[in-house]
K.L.:
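Mind having a look at this structure? Questions to follow.
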Amino acid sequence: MSEDNSPNTEYLDFQSTDVVALAKSLLGYRLCTRIGGQLTSGVIVETEAYRAPEDKASHAYGNRRTARTEVIFKAGGTSYIYLCYGIHHLFNIVSGPPETAHAILVRALEPDAGLTEMRLRRGEKISDKQLTNGPGKLCQALGIDRTLNGLSVNKSSGNPLWVEPYVQVPTDEIIKSKRVGIDYAEEWKEKLWRFHIHGNPYVSVI
DNA sequence: ACAATGATTGACT
DNA sequence: GTCAATCATTGTG
């Protein structure tokens with residue numbers, strides 16, 4: 001993060017029903033894991049909002065309940081982690097009150113702590129930028145997989161994965177754009193529900 | 001039981 | 001720019 005950003009101490013209310021505003025607010029928060037005693041963390045620089053039941057891009061479109069989507073209906077602040085393309089884990093934070101199937105996909109981080117551990121997981125020769133500049137990459141770097149699905153991301157829960165306030169991102173540095181990789185979502189693919197920090201080198205795609 | 005597919009990535013032309 | 005990897009999940013029979 002740029003050094004002129006001021007600290008942030010405000011915990012987000014993931015029970016809020018405005019998942020789009022939450023996705024925007026989540027920029028500048030820090031995502032952390034402690035696995036095998038090793039702390040790894042990164043600052044969230046890119047997010048997307050998914051708002052079932054009406055959002056055709058959401059796995060829970062039409063309030064579809066399956067074994068996979070069930071955690072999306074849990075209370076805001078629960079982790080939703082799934083496997084994409086048979087290879088990559090993707091990390092989301094469930095939002096809204098119970099039975100409201102909203103979620104925020106975390107798409108990119110700026111590496112913060114545990115870069116050495118991240119390289120053990122991602123590869124020794126991976127550059128800082130390539131460590132966490134994508135939703136699958138950041139999960140690999142932080143050791144996030146399905147064993148962490150359905151957990152509270154509140155720091156006080158004591159879970160091995162959590163989100164905490166870190167820096168404030170000025171509103172005028174936040175870019176909104178169309179979500180990535182949802183060509184099947186018809187009119188919903190036009191929604192400007194992706195948010196990233198302007199000029200941040202760790203964003204997945206510009 | 002089976003076939004299609006995906007909120008991606010890395011390798012390659 | 002193109003394309004294959006690789007498998008849990010899903011819908012269908």
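Because the structure is predicted, anything quoted here is derived from the model rather than measured. Sequence lines set the chain letters: A, B, ... in the order given, protein chains first and strands last, and positions in each chain run from 1. Values below: every heavy atom of this structure, side chains too, minus hydrogens, waters and symmetry copies.
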K.L.:
Would you mind listing the cluster partners of A/V205? Hydrophobic ones only (ILVMFWY), side-chain contacts under 4.5 Å, chaining allowed.
P.N.:
A/V180

K.L.:
How long is the gap from CD on A/E99 to NZ on A/K74, to the nearest 0.5 Å?
P.N.:
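Separation between the atoms: 9.5 Å.
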
K.L.:
Do A/D145 and A/T147 pair up side chain to side chain, a donor and an acceptor below 3.5 Å, judged on atom types alone?
P.N.:
yes

K.L.:
Once the angle between the rings of A/W188 and A/W193 is folded into 0 to 90°, is it parallel (under 30°), tilted (30 to 60°) or perpendicular (over 60°)?
P.N.:
tilted

K.L.:
Under a 3.5 Å cutoff, is there a donor and acceptor pairing between the side chains of A/Y29 and A/N8?
P.N.:
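Judged by distance alone, the side chains do pair up.
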
K.L.:
Assess the residue pair A/D128 and A/R119 against the criterion (salt bridge (Lys or Arg N to Asp or Glu O under 4.0 Å)); give the C-alpha distance rounded to whole Å, side-chain angles, the decisive distance to 0.1 Å, and a yes or no.
P.N.:
CA-CA 9 Å; A/D128 284 7; A/R119 281 201 177 80; 2.5 Å; yes

K.L.:
Check DNA chain B for consecutive Watson-Crick or G-U pairs with both distances under 3.5 Å and list the runs of at least three as stems.
P.N.:
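DNA chain B stems, ordered by first number: B:1-6 with C:7-12, B:8-12 with C:1-5.
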
K.L.:
Select base, sugar-phosphate, or nothing to describe what A/L105 touches, counting heavy atoms under 4.0 Å on all strands.
P.N.:
base

K.L.:
Can you name the ring pair (Phe, Tyr, Trp, His ring centres under 6.0 Å) partners of A/Y61, sequence neighbours left out?
P.N.:
none

K.L.:
B/dA11 C1' sits how many Å from A/K137 NZ, rounded?
P.N.:
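Interatomic distance, NZ of A/K137 to C1' of B/dA11: 13 Å.
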
K.L.:
Does the protein touch nucleotides 6-13 of chain C at the base, only the backbone, or not at all? Give it as B, S and - per nucleotide, heavy atoms under 4.0 Å.
P.N.:
BBSSSS--

K.L.:
In residues 184-197 of chain A, which ones come under 4.0 Å of DNA chain B, going by heavy atoms?
P.N.:
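Within residues 184-197 of chain A, the residues near DNA chain B are A/Y184.
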
K.L.:
Evaluate the side chain to side chain donor-acceptor pair (under 3.5 Å) criterion for residues A/E117 and A/T40: first the C-alpha distance (whole Å), next the side-chain angles of each, then the deciding distance (0.1 Å), finally the verdict.
P.N.:
CA-CA 7 Å; A/E117 182 69 18; A/T40 48; over 6 Å; no

K.L.:
Could you check A/R179 against A/E48 for salt bridge (Lys or Arg N to Asp or Glu O under 4.0 Å), going step by step and ending with a plain yes or no?
P.N.:
CA-CA 7 Å; A/R179 294 174 290 177; A/E48 286 178 358; 5.5 Å; no

K.L.:
For the pair A/S6 (side chain) and A/Q168 (backbone), establish whether a donor and an acceptor sit closer than 3.5 Å, ignoring hydrogens and angles.
P.N.:
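Between the backbone of A/Q168 and the side chain of A/S6 there is no qualifying donor-acceptor contact (under 3.5 Å).
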
K.L.:
Under a plain distance cut-off of 3.5 Å, with no hydrogens placed, do A/R121 and A/Q140 share a side-chain donor-acceptor pair?
P.N.:
no

K.L.:
Once you round it to whole Å, what is the distance between P of B/dG6 and CG of A/D183?
P.N.:
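The answer, rounded to whole Å, is 10 Å.
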
K.L.:
To the closest 0.5 Å, what do you measure between CZ (A/R107) and CZ (A/R194)?
P.N.:
6.0 Å

K.L.:
Mind running a 4.0 Å heavy-atom check of residues 114-128 of chain A against DNA chain B and sending the residues that fall below it, in number order?
P.N.:
A/R122

K.L.:
How many whole angstroms separate atom NE2 of A/H89 from atom C1' of B/dA7?
P.N.:
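Whole-Å distance recorded here is 15 Å.
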
K.L.:
Atom CZ of A/R51 to atom C1' of B/dA7: distance rounded to whole Å?
P.N.:
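Atom-to-atom, A/R51 to B/dA7, this comes out as 17 Å.
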
K.L.:
Tell me whether the count of non-hydrogen atoms from other residues, nucleotides or ligands lying under 6.0 Å of CD in A/E10 goes above 12.
P.N.:
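No, not enclosed.
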
K.L.:
In whole angstroms, how far is the C1' atom of B/dA7 from the CD1 atom of A/I144?
P.N.:
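A/I144 atom CD1 is separated from B/dA7 atom C1' by 15 Å.
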
K.L.:
What integer distance in Å separates A/H88:NE2 from C/dA4:P?
P.N.:
15 Å

